2 protein chains.
Amino acid sequence: MEKSDPVTVTLTDRLFDTLQRAIVEGEIQSGSKISEPELARLHGVSRGSLREAIGRLEARKLVERKPNLGARVVSLSYEQLIEIYQVREALEGMAARLAAQNMSDKEVEELQSLLNEHGREIEEVHGEAYFQKQGDLDFHYRIVQGSKNHHLIGLLCNDLYHLLRMYRFQFGMRSKRSSQAYDEHHYLLNAIASRDPEMAELLMRQHIRSSRRNVERMLLES
Amino acid sequence: MEKSDPVTVTLTDRLFDTLQRAIVEGEIQSGSKISEPELARLHGVSRGSLREAIGRLEARKLVERKPNLGARVVSLSYEQLIEIYQVREALEGMAARLAAQNMSDKEVEELQSLLNEHGREIEEVHGEAYFQKQGDLDFHYRIVQGSKNHHLIGLLCNDLYHLLRMYRFQFGMRSKRSSQAYDEHHYLLNAIASRDPEMAELLMRQHIRSSRRNVERMLLES
DNA sequence: TTGACTAATATTGTCGACACATAACAGAAA
DNA sequence: TTTCTGTTATGTGTCGACAATATTAGTCAA
């Protein structure tokens with residue numbers, strides 16, 4: 001009789017999740033100072049637990065801490081976003097390469113149906129926002145999982161993606177290129193399905209570069 | 001009047017450094033359990049501070065923690081080492097690409113003299129151990145710095161390199177291919193000096209792949 | 001002897017309080 | 001008024017103690 005995963009997650013764990021969401025979604029203003037006593041009182045928790053949670057946020061680069069001065073939520077800059085995209089290009093490129101080698105046939109099939117789904121939705125809605133918001137992340141997420149490289153998976157899914165979501169939330173970045181992105185996903189998946197690692201990496205990197213250029217344009221307008 | 005950097009680093013900081021060194025160099029057996037009360041007593045420090053230090057070690061993937069069970073030093077496996085090399089290939093490849101674009105002429109020159117130095121040392125000593133141990137890291141370190149991408153620099157210099165050093169210490173990995181590595185460094189630096197990002201990335205990735213193959217051979221012997 | 005159940009022990013999670021550093025403020029000197 | 005200095009106040013760093021959970025030891029029955 002399997003006891004269903006006691007969900008005993010420690011208090012610090014829950015706190016961390018809560019704070020991460022609050023920061024990513026902008027409830028806690030980016031760049032603002034974090035007062036330990038205030039936050040602790042607010043969440044009805046001791047400062048010790050809070051500090052451990054903040055420590056984890058720092059590890060994920062969502063807050064910055066200076067000794068004796070306290071912690072601030074990172075402030076989002078254009079330069080930092082570019083840096084993130086460069087790292088992402090490198091890592092996801094490798095993920096695509098590995099996915100072409102290591103994804104199971106079943107996973108590839110499921111990814112194909114997911115992509116078909118996206119295609120229909122784009123036709124129907126004359127696809128505007130949905131794609132970037134959810135579908136895009138889903139697609140990338142699955143490929144990263146398919147790499148089967150746990151270190152890589154951790155770096156992308158635990159660290160980078162939250163930072164990216166933070167930018168999307170706060171800069172209101174929604175792509176106006178869903179049909180192009182869809183095409184790119186299509187080619188990429190073909191490369192993976194034909195087990196062509198070289199091509200998969202190449203296409204993934206192009207896809208991310210073009211996504212970056214799109215973001216650059218968008219930000220330079222405002 | 002510049003006050004010289006108060007070196008007030010918090011107690012947790014020093015603890016973290018100490019523990020990180022101890023783990024990397026194998027003083028604390030890999031795979032062994034970390035007892036909070038014991039370690040705290042040993043270092044004459046409270047459990048709270050120790051726990052914060054352990055938290056940072058966890059973020060750098062040097063220890064693994066399970067709720068209510070405590071922390072263990074990561075156990076090094078062949079599979080994990082391969083994973084690390086794959087991540088490293090992706091990240092350092094990108095670093096080399098960016099370095100070719102962003103390194104200052106001065107930095108390139110300094111790197112060239114460093115490499116010449118290495119060349120002389122290899123000739124003299126009929127270069128055995130030195131290269132892998134120090135020179136190799138120096139060279140890579142500088143290129144990563146030259147990328148000017150702080151996110152990338154953090155990932156490589158703060159996280160990956162310590163893990164790698166841990167493997168080297170504990171598996172006693174010393175390369176028997178210093179002259180080949182030297183040649184590869186040479187070609188790579190040429191690409192950077194001629195500001196050829198594409199070629200720089202290509203050569204760096206080949207270099208790391210061949211280093212990985214070397215490590216694989218070495219481990220499969222024992 | 002083995003197995004399961006219970007009691008005792010040790011370890012982790014959480015808390016509140018104290019020590020110290022930094023920031024805010026008020027008053028004196030220029 | 002402006003600047004400097006000493007004082008107050010807020011906030012972070014560190015600690016020791018209590019509560020909750022896991023591990024070990026011990027007991028009894030099969």
Side-chain angles (χ1 to χ4, degrees), chain A residues 1-20 22-23 28-75, chain B residues 1-20 22-23 28-75:
Chain A
M1 189 85 75
E2 192 85 9
K3 194 187 279 181
S4 61
D5 222 10
V7 200
T8 332
V9 280
T10 149
L11 175 55
T12 302
D13 287 333
R14 288 193 298 267
L15 237 182
F16 168 70
D17 287 339
T18 304
L19 291 179
Q20 172 165 261
I23 290 177
I28 305 181
Q29 184 108 25
S30 96
S32 70
K33 182 162 171 359
I34 291 180
S35 161
E36 292 183 3
E38 185 185 334
L39 255 194
R41 193 178 43 74
L42 198 65
H43 291 264
V45 74
S46 94
R47 263 187 61 223
S49 306
L50 178 69
R51 281 173 63 87
E52 291 206 17
I54 293 182
R56 290 199 220 171
L57 292 172
E58 185 187 17
R60 295 203 174 173
K61 305 196 184 306
L62 291 173
V63 311
E64 283 169 349
R65 209 180 211 172
K66 285 175 186 167
N68 291 317
L69 292 184
R72 314 188 77 87
V73 179
V74 291
S75 48
Chain B
M1 189 87 74
E2 192 87 7
K3 193 187 282 183
S4 61
D5 221 10
V7 200
T8 331
V9 280
T10 145
L11 174 56
T12 302
D13 287 332
R14 287 193 298 268
L15 237 183
F16 169 70
D17 286 339
T18 304
L19 291 179
Q20 173 166 259
I23 289 178
I28 304 181
Q29 184 109 25
S30 97
S32 69
K33 183 164 171 0
I34 290 180
S35 161
E36 292 182 3
E38 184 186 334
L39 255 194
R41 192 178 45 73
L42 198 67
H43 291 264
V45 73
S46 95
R47 263 187 60 223
S49 307
L50 178 69
R51 281 173 64 89
E52 290 207 17
I54 292 181
R56 289 199 220 170
L57 292 172
E58 185 187 16
R60 295 202 173 175
K61 306 195 185 305
L62 291 173
V63 310
E64 283 170 347
R65 211 179 210 175
K66 286 176 184 168
N68 293 316
L69 293 185
R72 314 188 77 88
V73 178
V74 293
S75 49

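Please read these numbers as outputs of a predicted model, since none were measured by experiment. Just so it is clear: chains get the letters A, B, ... in the order the sequence lines come, proteins before strands, and each one is counted from 1.
- Between A/Arg51 and B/Arg51 there is no side-chain heavy-atom pair separated by less than 4.5 Å.
- Considering B/Thr12, B/Asp17, B/Asp13 as possible partners of B/Arg56, the one that fulfils the side chain to side chain donor-acceptor pair (under 3.5 Å) test is B/Asp13.
- Mapped onto DNA chain C by nearest heavy atom, A/Leu69 and B/Arg65 fall at different nucleotides, with B/Arg65 at the one closer to the 5' end.
- In this structure, B/Lys33 reaches the C/dT12 phosphate: one of its side-chain N or O atoms is under 4.0 Å from OP1 or OP2.
- For the pair B/Ser49 and D/dC15, the criterion of a side-chain N or O lying under 4.0 Å from OP1 or OP2 is met.
- The side chain of A/Thr12 contributes an N or O atom lying less than 4.0 Å from OP1 or OP2 of C/dT14.
- Phosphate contact (OP1/OP2 of C/dA21, side-chain N/O of A/Lys66, threshold under 4.0 Å): absent.
- Residues A/Ser35 and B/Ser46 each lie close to DNA chain D; by heavy-atom proximity, the contact nearer the 5' end of the strand is made by A/Ser35.
- Across all strands, B/Ile34 comes closer than 4.0 Å only to sugar-phosphate atoms, never to a base (heavy-atom distances).
- For the pair A/Arg51 and D/dG13, the criterion of a side-chain N or O lying under 4.0 Å from OP1 or OP2 is met.
- Of all heavy-atom pairs spanning B/Glu64 and B/Val74, the tightest one is CG-CG1, 3.9 Å.
- Atoms CG (A/Asn68) and P (D/dG11) sit 14 Å apart, rounded to a whole Å.
- In this structure, the nucleotide among C/dG13, D/dT14, D/dC15 sitting nearest to the side chain of B/Arg47 is C/dG13.
- Side chain of B/Arg72 to main chain of B/Gly31: a donor-acceptor pair is present (N/O by atom type, distance under 3.5 Å, no hydrogens or angles).
- Within 4.0 Å (heavy atoms only), A/Gly70 reaches sugar-phosphate atoms of the nucleic acid but no base atom.
- The nearest whole Å value for the distance from the CG atom in A/Leu15 to the P atom in C/dT14 is 9 Å.
- Using a 4.0 Å cut-off, no side-chain N or O of A/Thr10 falls inside it from OP1 or OP2 of C/dT12.
- For A/Glu52 and C/dG13, the CD to C1' distance is 8 Å, given to the nearest whole Å.
- In this structure, NE2 of B/His43 is placed 17 Å from C1' of D/dC15, rounded to the nearest angstrom.
- For B/Asp13 and D/dT14, the CG to P distance is 8 Å, given to the nearest whole Å.
- Distance, B/Arg72 CZ to D/dA22 P: 16 Å, rounded to whole Å.
- A straight line from CG of A/Leu11 to P of C/dT12 spans 18 Å, rounded to a whole angstrom.
- Side chains of B/Leu19 and B/Leu50 form a contact here, defined as non-hydrogen atoms less than 4.5 Å apart.
- In this structure, B/Glu36 atom CD and D/dC18 atom C1' are separated by 15 Å, rounded to whole Å.
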